[in-house]
Amino acid sequence: MSTQPLSGQPLSGQPLSGKLALVTGASRGIGAATAEALAAAGAHVILTARTTGGLEEVEDRIHEGGGNATIAPLDLIDGESIGRLAHAISGRWQALDILVLNAATLGSLASVPAIDAKEFARLLTLNVAAPQALIAAFDGMLRASGDARVVAITSSVGAAPRAYWGAYGASKAALETLVGAYGEEVKNISAIRTHIVDPGATRTAMRARAFPGEDPATLKEPAAVGQAILDLVIADTPDGYRTRID
């Protein structure tokens with residue numbers, strides 16, 4: 001597999017030609033849009049999510065656009081599934097160039113004393129423990145890349161606490177710290193760069209659930225976020241860069 005830097009000269013007019021990307025939560029919304037943007041730029045994208053039908057629809061759109069993708073249906077809450085995925089991917093490819101940590105659950109919006117313990121545990125597993133497990137499982141493949149990117153999708157409530165958003169906000173604050181720490185650990189011994197992306201208000205199912213009275217027509221489409229993430233991974237952006245997409 002090519003190890004040409006992402007910020008180097010494009011191959012065949014596509015800046016990510018020869019690159020391998022893995023996007024979690026890729027069956028809809030921001031994950032799907034990001035996967036399609038990366039594929040359009042030439043990357044082979046591995047699509048993961050629980051919903052096989054949604055993944056197949058995204059894969060079809062990528063193929064129809066002339067791109068390449070592979071679906072890998074799995075439940076990230078099942079920790080063993082991440083290990084199996086890494087084993088399968090490493091058996092076919094040498095390096096992983098882009099890892100987009102997008103999959104997350106909102107949980108119930110509740111006051112801190114009213115947070116349901118079981119739901120909170122599940123939320124932390126998907127939003128924090130699964131990204132850590134993915135980084136651990138793919139660390140070797142990321143280090144094998146000539147210019148790898150780890151992109152974590154966050155939220156404004158991870159940096160600025162908001163009433164009734166304690167559970168979700170805590171998970172995003174933890175994710176930012178986790179990914180930022182990884183970036184600090186590898187920046188001087190590898191070509192890995194980590195980035196935190198706050199997509200802002202976007203027309204997604206999660207947003208509709210959180211703000212049921214909001215007019216979706218006033219929100220930007222997920223494609224705008226996908227394009228911004230593509231621009232970020234292609235650019236020669238400093239490690240640890242945090243960006244909000246308005």
Side-chain angles (χ1 to χ4, degrees), residues 20-39 43-63 67-93 96 98-109 115-138 141 150-155 158 167-168 170-172 174-175 178-179 197 199 202-210 212 221-223 225-226 229:
L20 180 68
L22 171 61
V23 181
T24 69
S27 62
R28 63 181 181 179
I30 291 171
T34 300
E36 291 179 50
L38 296 174
H44 185 112
V45 185
I46 299 170
L47 313 168
T48 72
R50 291 186 303 164
T51 310
T52 301
L55 290 176
E56 290 175 342
E57 291 175 4
V58 177
E59 181 186 36
D60 287 344
R61 291 198 298 269
I62 288 174
H63 289 166
N68 295 293
T70 301
I71 67 170
L74 57 84
D75 186 350
L76 291 174
I77 289 182
D78 174 9
E80 293 184 0
S81 68
I82 294 174
R84 292 193 295 268
L85 176 67
H87 179 74
I89 292 174
S90 63
R92 181 174 175 186
W93 288 280
L96 178 64
I98 304 165
L99 173 60
V100 181
L101 303 171
N102 168 72
T105 183
L106 176 65
S108 300
L109 300 183
I115 292 173
D116 180 81
K118 289 184 178 180
E119 183 182 53
F120 191 36
R122 181 179 176 85
L123 181 149
L124 291 175
T125 297
L126 179 59
N127 294 8
V128 183
Q132 185 279 328
L134 284 159
I135 290 172
F138 288 99
M141 290 188 71
V150 177
V151 180
I153 307 303
T154 189
S155 167
Y168 183 71
S171 74
K172 288 303 181 180
L175 176 65
L178 189 76
V179 173
V197 175
T202 308
R203 194 182 305 179
T204 64
M206 182 183 289
R207 178 77 184 188
R209 183 181 165 200
E221 294 281 359
V225 180
I229 292 173

Are the side chains of [Y] and [X] in contact, using a 4.5 Å heavy-atom criterion?
| X | Y | value |
| --- | --- | --- |
| Ile115 | Glu119 | no |
| Ile153 | Ile229 | yes |
| Asn127 | Leu175 | no |
| Thr204 | Pro222 | yes |
| Val100 | Val197 | no |
| Thr34 | Asn102 | no |

For [X] versus [Y], what's the shortest heavy-atom pair and its separation?
| X | Y | value |
| --- | --- | --- |
| Tyr168 | Ser155 | CE2-CB, 3.8 Å |
| Pro199 | Thr202 | O-OG1, 3.4 Å |
| Leu55 | Ala26 | CD2-C, 4.0 Å |

Would you say that more than 12 heavy atoms from the other residues, nucleotides or ligands in this model lie under 6.0 Å from the CZ of Arg122, or not? no
Please say whether more than 12 non-hydrogen atoms of neighbouring residues, nucleotides or ligands are located less than 6.0 Å from CZ in Arg61. yes
Among Ile46, Ile89, Val150, Leu20, which residue meets the side chain to side chain contact (heavy atoms under 4.5 Å, CB included) test with Leu96? Leu20
Atom CD of Gln132 and atom OG1 of Thr125: how far apart are they, to the nearest 0.5 Å? 11.5 Å
Between OG on residue Ser171 and CG on residue Leu178, distance to nearest 0.5 Å: 11.5 Å
Can Arg84 and Asp78 be counted as an ion pair, charged N to O under 4.0 angstrom? yes
